[in-house]
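Please read the structure below before turning to the comments.
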Amino acid sequence: TLENLEKGTVQELNLAPYSITREDLQVLIHVIPKNTSLRAIILGNCQFDRALFEMFADALKYHPSLVELSLGNNNDIGDHGAKIMATVLEHSKTLASLHMCKGNIGDMGMRALARALKNNQTLNILDLSDNKISDDGAAVLADVFKHNFCLTRLKLDGNRIGYSGITALTKALDGNQTLVEFTMMN
């Protein structure tokens, strides 16, 4: 309940089965920073607009205990939202799992996420399935593996990655000792 969330006793907030309105999101944005026990936030089908998504990300940037963030089925995230999430990755000291499948994220969003991932030392799982990432985005992501040795699971299923993107990723992952799961089925 909202009261428990405000008290700081909620460790996992799973609202994925519900349709979350703008008003619901505004309440969450103000309550999330108060709950320092919160370890997981799972949201789907939210009515994010740019301003709300920026406020949501600001509430997460310095959260002291957030380990998992799942934002699947939020088609309004797009490249702008991915850029905003990149700033969360740059500042978070705890986020280990980020799921942004079905978010309409393309190559520009992938570039922003890749820049953040180069220096990120906490993220182990990244799910960008069913987005609009193409060969260009895959090539940028491939470069991340020269710098990031934390990522253990990467999901890129259902994107627009072709031969040159697959080749770039395959070369980058050759000899990689940390990535144990990589899926990219179309």
Side-chain angles (χ1 to χ4, degrees), residues 1-92 94-110 112-113 116-117 122-134 137 153-160 181 183-186:
T1 68
L2 184 59
E3 184 178 310
N4 289 339
L5 190 59
E6 285 177 328
K7 287 180 183 176
T9 58
V10 175
Q11 290 188 4
E12 180 178 307
L13 179 64
N14 184 352
L15 299 176
Y18 308 102
S19 182
I20 307 300
T21 66
R22 281 185 51 80
E23 292 77 23
D24 296 333
L25 287 169
Q26 288 171 333
V27 170
L28 284 176
I29 287 165
H30 293 292
V31 174
I32 287 171
K34 297 175 185 176
N35 186 329
T36 57
S37 303
L38 193 59
R39 297 184 48 77
I41 298 174
I42 304 164
L43 300 176
N45 302 313
C46 294
Q47 295 178 7
F48 280 119
D49 60 27
R50 284 184 177 211
L52 264 180
F53 200 75
E54 286 177 14
M55 290 189 294
F56 177 71
D58 282 342
L60 302 177
K61 274 184 195 174
Y62 301 104
H63 199 283
S65 61
L66 188 65
V67 176
E68 178 183 354
L69 179 60
S70 181
L71 300 172
N73 292 323
N74 286 297
N75 291 328
D76 296 331
I77 290 176
D79 288 334
H80 181 74
K83 290 177 187 177
I84 293 167
M85 284 312 301
T87 64
V88 173
L89 287 174
E90 289 168 353
H91 292 95
S92 176
T94 58
L95 191 62
S97 178
L98 177 60
H99 302 265
M100 295 196 318
C101 55
K102 296 181 182 177
N104 282 326
I105 298 167
D107 293 338
M108 288 178 57
M110 186 68 256
L113 291 169
L117 286 169
T122 61
L123 197 70
N124 302 117
I125 300 168
L126 179 61
D127 183 355
L128 294 172
S129 300
D130 299 313
N131 280 291
K132 297 178 179 181
I133 300 165
S134 73
R153 290 184 172 83
L154 175 63
K155 294 184 177 191
L156 294 173
D157 302 303
N159 279 283
R160 300 172 179 176
E181 182 183 335
T183 60
M184 189 174 61
M185 297 171 55
N186 286 333

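None of these values were measured; they are calculated from a predicted model. When reading the values below, keep in mind they use all heavy atoms of this one structure, side chains included, and skip hydrogens, waters and symmetry mates.
- Note: E12 CD to S70 OG = 10.0 Å, rounded to the nearest 0.5 Å.
- S92 places no side-chain N or O within donor-acceptor distance of the main-chain N or O of L89, the cut-off being under 3.5 Å.
- A116 and E90 get closest at one heavy-atom pair: CB-CG, 3.7 Å.
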Inset, instruction - Could you walk me through whether C46 and L25 pass side-chain contact (heavy atoms from CB on, under 4.5 Å), step by step? - result: CA-CA 8 Å; C46 294; L25 287 169; 4.1 Å; yes

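- Considering all non-hydrogen atoms of both residues, I105 and N131 come closest at N-OD1, 2.9 Å.
- Between T94 and T122, every side-chain heavy-atom pair lies at or beyond the 4.5 Å cut-off.
- Of the possible polar contacts, none joining the N75 side chain to the I77 backbone as a donor-acceptor pair under 3.5 Å is found.
- For the residue pair S134 and D107, a side-chain donor N or O sits within less than 3.5 Å of a side-chain acceptor on the partner.
- The number of heavy atoms from other shown groups lying within 6.0 Å of CE (M108) does not exceed 12.
- Not one N or O on the side chain of N35 forms a donor-acceptor pair closer than 3.5 Å with the backbone of I32.
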Inset, instruction - Test side-chain contact (heavy atoms from CB on, under 4.5 Å) on L71 and I41 and set out the steps. - result: CA-CA 8 Å; L71 300 172; I41 298 174; 5.7 Å; no

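- D157 places no side-chain N or O within donor-acceptor distance of the main-chain N or O of K155, the cut-off being under 3.5 Å.
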Inset, instruction - Could you walk me through whether I42 and L15 pass side-chain contact (heavy atoms from CB on, under 4.5 Å), step by step? - result: CA-CA 6 Å; I42 304 164; L15 299 176; over 6 Å; no

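- The nearest pair of heavy atoms linking S37 to G8 is OG-O, 2.7 Å.
- Side-chain N or O atoms of H63 include none that pairs as donor or acceptor with a backbone N or O of A59 at under 3.5 Å.
- Residues L52 and D49 come closest through the heavy atom pair N-OD1, 2.7 Å.
- The closest donor-acceptor contact from the side chain of D79 to the backbone of G106 lies under 3.5 Å.
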Inset, instruction - Evaluate the side-chain contact (heavy atoms from CB on, under 4.5 Å) criterion for residues K132 and N104: first the C-alpha distance (whole Å), next the side-chain angles of each, then the deciding distance (0.1 Å), finally the verdict. - result: CA-CA 6 Å; K132 297 178 179 181; N104 282 326; 3.1 Å; yes

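- Panel note: side chain N159, backbone I133; a donor-acceptor pair is recorded below 3.5 Å.
- Annotation for Q26 and H30: closest pair O-CD2, 2.9 Å, computed over non-hydrogen atoms.
- Within the 3.5 Å criterion, the main-chain N or O of L43 finds a donor-acceptor partner in the side chain of N74.
- K83 and A112 get closest at one heavy-atom pair: CG-CB, 3.5 Å.
- Of the inter-residue distances, the one linking L98 atom CG with I125 atom CD1 reads 10.5 Å to the nearest 0.5 angstrom.
- In this structure the side chain of L128 reaches within 4.5 angstrom of the side chain of M110, judged on heavy atoms.
- Using cut-offs of 30° and 60° for the angle between ring planes, the F56 and F48 rings count as tilted.
- Of the inter-residue distances, the one linking H80 atom NE2 with R50 atom CZ reads 4.5 Å to the nearest 0.5 angstrom.
- With hydrogens and angles ignored, the 3.5 Å screen pairs no side-chain donor or acceptor of D58 with any backbone N or O of M55.
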